[in-house]
2 protein chains.
Amino acid sequence: MAAPCDTPSRILDAAERLFADRGIAATSLREITREAGVNLAAVNYHFGSKDGLIRELVRRRFSAVNEARLEALARLEAEYSPAPIPIEKLVRAFLEPAMRHFGEEDSAFPRFVGRLHLDPYPGMLQELRGAFLPVLERFLGPLQRVLPEVPRPVLFLRTFLMMGSLIHLLSNLRKHAEIFPACADALRDPDRILDELVGFAAAGLRHD
Amino acid sequence: MAAPCDTPSRILDAAERLFADRGIAATSLREITREAGVNLAAVNYHFGSKDGLIRELVRRRFSAVNEARLEALARLEAEYSPAPIPIEKLVRAFLEPAMRHFGEEDSAFPRFVGRLHLDPYPGMLQELRGAFLPVLERFLGPLQRVLPEVPRPVLFLRTFLMMGSLIHLLSNLRKHAEIFPACADALRDPDRILDELVGFAAAGLRHD
DNA sequence: GTCAGTTTAGAACAAACGTTCGATTTGTCC
DNA sequence: GGACAAATCGAACGTTTGTTCTAAACTGAC
């Protein structure tokens, strides 16, 4: 958080935190402005509307994740070309940017990124698709090259299942861990969790 | 759907369909009653409140899925005991009941079951946990027996990731397939999709 | 100090929400 | 056929929603 002082940043941070916890449609502007300590009208003044606020949040977070994914992929291609990139490297390049700040206390970033994928807020789906589809297609190429025996539609489906694991992890692990205190200790280390996710997804992608 | 005629069933079906598409918090009683072709007050008359309606839906669907899971597991234990149950069989026993009716036209059941897991409607989380935790613990035992080398917390985490794949598949595959028409054809067969999901999850659970 | 431009404050808006109520219709037994 | 319960209906309840408006407070340049 780092406690920014200007009103727009206070609104964005509060909105991200509340959206991550309660969902987008279920969070009102009054809750956001109360949490941010600013006036109700400030949202419409700075962002035009609730939709505008959401779009700005998407730009700030989701787009950043996707750009980081593409950069990581570009680095891998530069490193391995013309050889195919190992599947674990590809998977990690895709998953790690979304997991950033996962272990930090009170960081709503990963939970919000997860919720972005699954909250069907009207008009946001197209925006998400527009930002995500190019990334998916960009990864499917190198993925197909290391897994030539897997048919394209099947590879698409498996990538889709990997997405589900990531989103579920981002959105719900914290809450679920609270009910399994015995497991919570072992699942505290974010690097370890990322390793597990990468291993799980890579094995699922290449199985049989 | 089978077009039931009595009002409560019409409400339940319409609510399930709309909840699956737009989310629970984002769907109003007026939309539900309009879609069902009944009066607005009918919801509160038959179910007491919107919460009551949701609880009834959970009972009707989520509980049924979990009971089917336990029955499938019991059948496997009777078949294999005292030998450990193969991991693919275990995974399929867990995933198949939720995927039921997946390929049927206009069946909101799987999408709704998926949404049940991820929509943070107040008070529903506890109800879901109460119905799901016993099932999870019931499966973790046999799972641990076929994967003795995997530490318990790690096994819990991998099961969690499998849940994510399932939920994402149930909730979003239909919509995502619409944007990938080339893949939509190959992903039409629900049995094939279930096989892929089982293979993906089983490989992820046992990897390394 | 003054003035233009930007930001914030409080109050109010129409619309939509879940819920409640009394009247009306429907169905069923005597 | 009349009577009683169950079900449906239309209308309204009080809240809460996102949004808008105008006045007040602040900011920096001259």
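Below, read A as the first sequence line, B as the second, and so on, with proteins coming before strands; counting in each chain starts at 1. All figures in this text were calculated on a predicted structure; none of them were measured in a lab.
- A close approach under 4.0 Å does occur between a side-chain nitrogen or oxygen of A/T7 and OP1 or OP2 of C/dT8.
- Put simply, CZ on A/R22 is 14 Å from P on D/dT16, counting in whole angstrom units.
- Here A/F160 and B/H168 bring their ring centres to under 6.0 angstrom of each other.
- Taking atom OH of residue B/Y45 and atom C1' of nucleotide D/dG10, one finds them 17 Å apart after rounding to whole Å.
- For the atom pair B/I193 CD1 and B/L95 CG, the distance stands at 13.0 Å (nearest 0.5 Å).
- Atom NE2 in A/H46 sits roughly 15 Å away from atom P in D/dT20 (whole-Å rounding).
- Each of B/G37 and B/R30 lies near DNA chain D, and the nucleotide nearest B/G37 is the one positioned closer to the 5' end.
- Rounded to whole Å, the distance from CG on A/L53 to P on D/dT17 is 15 Å.
- As rounded to whole Å, 5 Å separates atom P of D/dC9 from atom CG of B/N39.
- Checking the phosphate oxygens (OP1, OP2) of D/dT16, no side-chain nitrogen or oxygen of A/S28 falls inside 4.0 Å.
- By the 4.0 Å N-to-carboxylate-O rule, B/R34 lies too far from B/E31 to be salt-bridged with it.
- Under a 3.5 Å cut-off, the side chain of A/Q144 and the backbone N or O of A/V150 do form a donor-acceptor pair.
- In this structure, B/F47 places its CZ atom 16 Å from P of C/dT20, rounding to the nearest Å.
- Rounded to an integer number of Å, the gap from A/N44 CG to D/dT20 C1' is 8 Å.
- A straight line from CZ of A/R34 to P of D/dG18 spans 11 Å, rounded to a whole angstrom.
- Among the atoms of the strands shown, none is found under 4.0 Å from any heavy atom of A/T33.
- The residue B/A41 sits close to a base: some heavy atom pair falls under 4.0 Å.
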